Protein chains: 2
Amino acid sequence: MDDVAAKAGVSRALVSLVMRDSPRVSDNSRAKVLQAAQDLGYRPNAWARNLASGQTNTIGVMLNDLHNPYFTELAEGVAAAAAEAGMEVLITSGWQRESGEHTAIDTLLNLRTDGIVVGAARFSSEVFEEIAQQTPTVAVAYFHEHDSMDTVCNHEAHGSELVVEHLTSLGHTRIAHIDAGNAPGAPERRRGFMTAMTLRGLAPIVFDGDFNEHAGHHAAEQLMQLNEPPTAIFAANDLSATGVLAHLRSIGVRVPDDVSVVGYDDTVLAGLGALSLTTVHQPRQLFGQRATELLLERISGRSAAKHELIEPRLVTRSSTGPVNES
Amino acid sequence: MDDVAAKAGVSRALVSLVMRDSPRVSDNSRAKVLQAAQDLGYRPNAWARNLASGQTNTIGVMLNDLHNPYFTELAEGVAAAAAEAGMEVLITSGWQRESGEHTAIDTLLNLRTDGIVVGAARFSSEVFEEIAQQTPTVAVAYFHEHDSMDTVCNHEAHGSELVVEHLTSLGHTRIAHIDAGNAPGAPERRRGFMTAMTLRGLAPIVFDGDFNEHAGHHAAEQLMQLNEPPTAIFAANDLSATGVLAHLRSIGVRVPDDVSVVGYDDTVLAGLGALSLTTVHQPRQLFGQRATELLLERISGRSAAKHELIEPRLVTRSSTGPVNES
DNA sequence: CTCGTTGTATAGAGCGCTCTACTAATTGAT
DNA sequence: ATCAATTAGTAGAGCGCTCTATACAACGAG
């Protein structure tokens, strides 16, 4: 910076002003400084800048798992909202291990980013509390309602409600849900299903499962061996639904003619022509955007916690159809 | 830090030593300092630390597109290798737009990370050159051979060779390739296919396509209308192959009984039971690891460029079978 | 009893920037 | 001509840390 100042024949402070696009610089000097910076290949050192200014203009994003499209779309929403607010985004990932998540959060905390968006970490309530005390924090897809941080969640139960609504309107009454135990979001989906069924006077059939293809395959196998197999199967997520589809196909059951299948998440899988799965769409980018907006509010002073529930939407494709009791 | 020093009754410098795990501190003082830091909730400020020490102990990763599993697995490899070397990892993404990539790289450059791993950016050769001049750089899946930076690439052509080898060993001779124009990697895959076919005295059938489902669908439609349709279709990637599968299914052509289908990349799609696609597997995590190793070598002084080509592997699933000329 | 030696701890400069407070020059209203 | 107001630029302290040089015990060796 000194070099640039010297070359342009001005003070260091002026260079600083130019680099920050201050309006209190004459066009003349601005041009000189920019030219000198260009010639010297100067670029401001972010560490020094942030240290001196006391703010980083950066928001940190910690993601549980970069492989999961859920999180990357979330990050995309954050990036979009942050860009709009003129802030930078730095991402760290826990790579699915809790120790990794701690490292990732520590990195961000040491960096003193203006705030942190946490995508569904495995942290205990206490750890979250601790983080939220050190910096503005918004958790996405994490259900406990701390008052030290904001949260943005999908209204999981409502998604299940939409599915039951859709299937019953097609005439289905024997509907089975393949759940995913206590995995994040699964209990809410299951409860939503049971409530919606009960409300309609229907018996909720629930089968143990998981968020993967194998679980769907296995559960479908068992379900189809019942005396009265269900006419519709609602899997806890798309991957599981894919397993269901694979099994049904292998035993010659037609979809949706004989059995309707529904997933959850609307991942890229669901949209594939070869699967064309009816599923529950979560506006994942919107999650990121809202999270960032909440974070910015926090950063500029709000102290009362906000907890948002975002409504999912049903996407109807060709894996569901009218019931066929033949 | 001053507060911690005061509370522990020692100098600021000693606190610094403790925070850096220096061996030249007595157990007694170390305990005192650690206790004081704990009580005060002190955590070192990374910006100040890096500014003062002149090194960041961090490597930056710039990814073209976080949604693409290719890149996230790459990042995972980087993270693993970096963790082993005791370095932190910071990720930025260009979100598929070139302007975004520039911002992302600038963020990293301003951060003065010790080095940068770039995952297949759309940058021109000159831009790459410019980046490499400012900091140690390794490009992954980028084919130009600069001598100012290292590269790690998949041996794309060899993957195609493996596919042709596999198909011809099953008796196929009319093999079509659906390519992806000039998209990154596509020309190499196409050339590899053509070479391998020609070498066996077979006519390479190449069809225009792209790296998406629709392209595969469309190309398959055209291919099957030929007087002598191919008995095997090799798509430029898994997504495209999925489109092929969807079309074949829709017109009642059985896979692999009537036509064999092969993809490229071995994404999660290929492994799904409902698709079970034979495909070319790229060791993406290995790319990240090698890239990081090369980067660390660069950081510690190597100046001659290294360019590595990594061998892919064929994964045989149930979308390919013996030719059936009926 | 002095001297190097080793193990601990400290002072204080400096990393590259921003920010506050100030000066100098220009303008325009009285 | 005078004075406040505005504009353009500068000096220098300070952000929170690391690092070099140095101090000071305590110790065994000469």
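As a basis for the values below, the full set of heavy atoms in this structure was taken, side chains included, without hydrogen atoms, waters or symmetry mates. Predicted model only: the values in this text are computed from it and were never measured. Sequence lines set the chain letters: A, B, ... in the order given, protein chains first and strands last, and positions in each chain run from 1.
For B:S26, counting side-chain heavy atoms from C-beta on, the closest listed nucleotide (C:dC17, C:dA9, D:dA8) is C:dA9. Here C:dC17 is the nucleotide among D:dC17, C:dA11, C:dC17 with the atom lying nearest to any side-chain atom of A:N45. Taking every side-chain heavy atom of B:Y42 into account, D:dC17 is the closest of C:dT18, D:dC17, D:dG9. Between D:dT10, C:dT10, C:dT18, one nucleotide has an atom nearer to the side chain of A:R12 than all others, and that is C:dT18. Considering only the side chain of B:L14, C:dT10 comes nearest among C:dT10, C:dT18, D:dT18. The side chain of B:A48 sits closest to D:dC17 out of D:dA8, D:dA11, D:dC17.
Distance, B:L40 CG to D:dG16 P: 14 Å, rounded to whole Å. Taking atom CG of B:D2 as the reference point, atom P of D:dG16 lies 9 Å away to the nearest angstrom. Atom CG of B:N50 is separated from atom P of D:dT18 by 9 Å (rounded to the nearest Å). To the nearest angstrom, P of D:dG16 lies 18 Å from CZ of A:R49. B:R30 places its CZ atom 10 Å from the P atom of C:dT8, with the value rounded to the nearest Å. When rounded to the nearest whole Å, the span between CH2 of A:W47 and P of D:dG14 equals 25 Å.
Between B:F287 and B:Y70, some side-chain heavy-atom pair lies under the 4.5 Å cut-off. No side-chain heavy atom of A:L296 sits less than 4.5 Å from a side-chain heavy atom of A:E293. Residues A:Y42 and A:D3 fail the side-chain proximity criterion, which asks for heavy atoms closer than 4.5 Å. Looking at heavy atoms from C-beta onward, A:D65 lies out of side-chain contact with A:S93 at the 4.5 angstrom threshold.
Judged by closest nucleotide on DNA chain C, B:A13 is the one of B:A13 and A:L17 placed further toward the 5' end.
Note on B:R20: a side-chain N or O is less than 4.0 Å away from OP1 or OP2 of D:dC19. Within the 4.0 Å cut-off from OP1 or OP2 of C:dT8, not a single side-chain nitrogen or oxygen of B:S29 is found. Look at A:S16 and you won't find any side-chain N or O under 4.0 angstrom from OP1 or OP2 of C:dC19. Neither OP1 nor OP2 of C:dT18 sits under 4.0 Å from any side-chain N or O of A:S53.
Checked by distance alone, B:R24 brings no side-chain donor or acceptor within 3.5 Å of a matching partner on the base of C:dT6.
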Item to check | Evaluation steps, side-chain contact (heavy atoms from CB on, under 4.5 Å), between B:V33 and B:V10 | outcome: CA-CA 8 Å; B:V33 170; B:V10 298; 4.0 Å; yes
